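Here's the structure we're looking at; comments come further down.
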Amino acid sequence: MFHYFRRKPVFIIAILALCILLLAVFIFRQSIFPQSANNGQATGTLSASAARTGRIFGAAVASSHLTGDQQYANTLDTEFSGVTPENEMKWETTEPERGSFNFAPADIIVSHAQSHNMKIRGHTLVWYSQLAPWVNDIATGSELLQVMKNHIANEMGHFKGKIWYWDVVNEAFNDDGSRRSTNNVFQQKIGDSYIEEAFKAARLADPNAKLCYNDYDTDGINEKSTAIYNMVKDFKARGVPIDCVGFQSHMIVDQVPPDYQENLQRFAALGIDVQVTELDIRMSTPVSDADLQSQADNYQRVVKACLAVSHCNDITVWGVTDKYSWIPQYFSGQGAALLFDDNYKKKAACNLVIQTLTSGS
Ligand code: XIL
């Protein structure tokens with residue numbers, strides 16, 4: 001044997017070359033497909049698997065947790081490629097007194113996101129809720145319009161060039177498709193035109209930011225989503241700037257609308273982007289393994305719907321971890337709605353989302 005090789009150096013070189021080639025193929029596969037499924041456990045990250053489909057996977061973030069909880073920051077940085085400030089860009093925080101602006105809490109999130117190459121969704125400029133109380137006392141529609149435009153110009157001006165998509169107007173419709181007027185000073189004093197005025201002011205303030213209308217209970221085809229669809233169609237026809245509709249997707253386990261994908265698709269067909277902006281799927285607590293599996297299936301349906309619509313470019317969950325989710329506080333007896341549990345462990349839903357994104361690429 002030894003003599004044979006000594007007399008045939010060509011064979012040795014060929015075998016060595018073959019070994020090197022096999023090693024190179026192995027290394028290449030590992031770097032291209034580092035997170036293939038392993039015993040049913042996804043081993044990759046949300047951000048990497050979403051990136052291979054050309055999408056962002058984001059989370060709503062609170063500045064207090066970002067600075068106060070290292071595990072929170074680590075999970076965000078490892079798993080997510082986008083952020084939405086959960087409360088820090090809302091009017092009550094950014095303009096608590098007329099003409100006096102405070103962007104400090106939001107700046108913490110924005111600079112963290114920038115230094116980690118994450119996309120930032122601005123949330124939200126015009127909303128009846130979490131509004132500074134003084135705005136409700138403005139006497140006339142014309143004055144309120146000026147106040148609203150000034151707010152948009154200042155807030156978008158401060159973050160100019162840093163925001164990927166802005167939620168310009170949030171939650172302006174009722175379930176029956178009529179305009180939300182109760183507690184909504186903008187609708188009451190300015191009237192229907194406040195939405196288009198807000199979008200026009202937003203385009204002027206940061207022409208490079210994409211502009212979204214954002215709402216909840218619009219995940220299937222219903223009276224509310226159809227009213228928004230008609231508004232977007234009208235805006236497009238009249239040249240009112242709008243680039244996107246955000247579907248909050250605060251949902252209940254086993255109640256994901258069957259026409260979720262069809263709904264996203266009809267909006268995308270209007271020539272806009274669609275984004276899943278505040279996804280969570282809540283359950284009665286405490287939860288069983290079967291609940292966690294149903295939740296995983298529901299999350300998978302949402303991801304598959306987004307993957308099927310080319311203009312669906314972002315899935316953002318409304319929080320990094322169940323530990324700080326808004327759900328238990330707002331929906332009594334409900335919770336466990338997110339992808340990481342109280343101890344930052346990946347839930348079944350998280351693993352299935354990663355697997356679905358991985359096979360979807
Ligand atoms: C929620 C936050 O998560 C809570 O911390 C806050 O107390 C209330 O608002 N729709 C929206 C979000 O557009 O801004 C809301 O966020 C959840 C519902």
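Only heavy atoms go into these numbers, but all of them, side chains included; no hydrogens, no water, no symmetry mates. The structure presented is a predicted model; accordingly, all values stated were derived computationally and were not measured. Ligands are counted one by one from 1 in listed order, and the atoms in each one are counted from 1 as well.
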Nearest option to atom 6 (C) of ligand 1, as decided by whichever heavy atom of Asn87, Asp167, Asn170, Ile327 sits closest
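Selected option, by shortest heavy-atom distance: Asn87.
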Under 30°, 30 to 60°, or over 60°: which ring-plane class applies to Trp326 and Tyr330, parallel, tilted or perpendicular?
tilted
State whether the side chain of Asn184 and the backbone N or O of Phe186 hold a donor-acceptor pair below 3.5 Å, judged by distance alone.
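A pair under 3.5 Å: yes.
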Residue, atom name and distance, where the atom is the protein heavy atom closest to [atom]:
atom	value
atom 1 (C) of ligand 1	Lys90 NZ, 3.7 Å
atom 11 (C) of ligand 1	Glu278 OE1, 3.0 Å
atom 3 (O) of ligand 1	Glu86 OE2, 2.5 Å

For Tyr260, is the NZ or CZ atom of Arg301 found under 6.0 angstrom from the centre of its six-membered ring and inside 45 degrees of the ring axis?
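No; the conditions do not both hold, so Arg301 does not lie above the ring face of Tyr260.
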Apply side chain to side chain donor-acceptor pair (under 3.5 Å) to Ser225 and Asn222, showing your working.
CA-CA 5 Å; Ser225 62; Asn222 56 35; 3.1 Å; yes
Got a salt bridge between Lys347 and Asp322, using NZ or NE/NH1/NH2 to carboxylate O under 4.0 Å?
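Yes, charged N to carboxylate O under 4.0 Å.
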Charged N-O contact under 4.0 Å between Asp215 and Lys224:
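Yes, Asp215 and Lys224 are salt-bridged.
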Using a plain distance cutoff, I'd like to know if Trp318 has any nitrogen or oxygen under 3.5 Å from a nitrogen or oxygen of ligand 1.
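Yes.
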What atoms of ligand 1 come closer than 4.0 angstrom to any heavy atom of [X]?
X	result
Tyr330	6 (C), 7 (O), 8 (C)
His250	17 (C), 18 (C)
Trp127	11 (C), 14 (O)
Glu171	10 (N), 11 (C), 13 (O), 18 (C)

Checking ring pair (Phe, Tyr, Trp, His ring centres under 6.0 Å) against Tyr72, which of Phe340, Phe80, Tyr324 comes through?
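The option that passes is Tyr324.
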Mind checking whether Gln329 has a heavy atom under 4.0 Å from ligand 1?
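The answer is no, since Gln329 has no heavy atom less than 4.0 Å from ligand 1.
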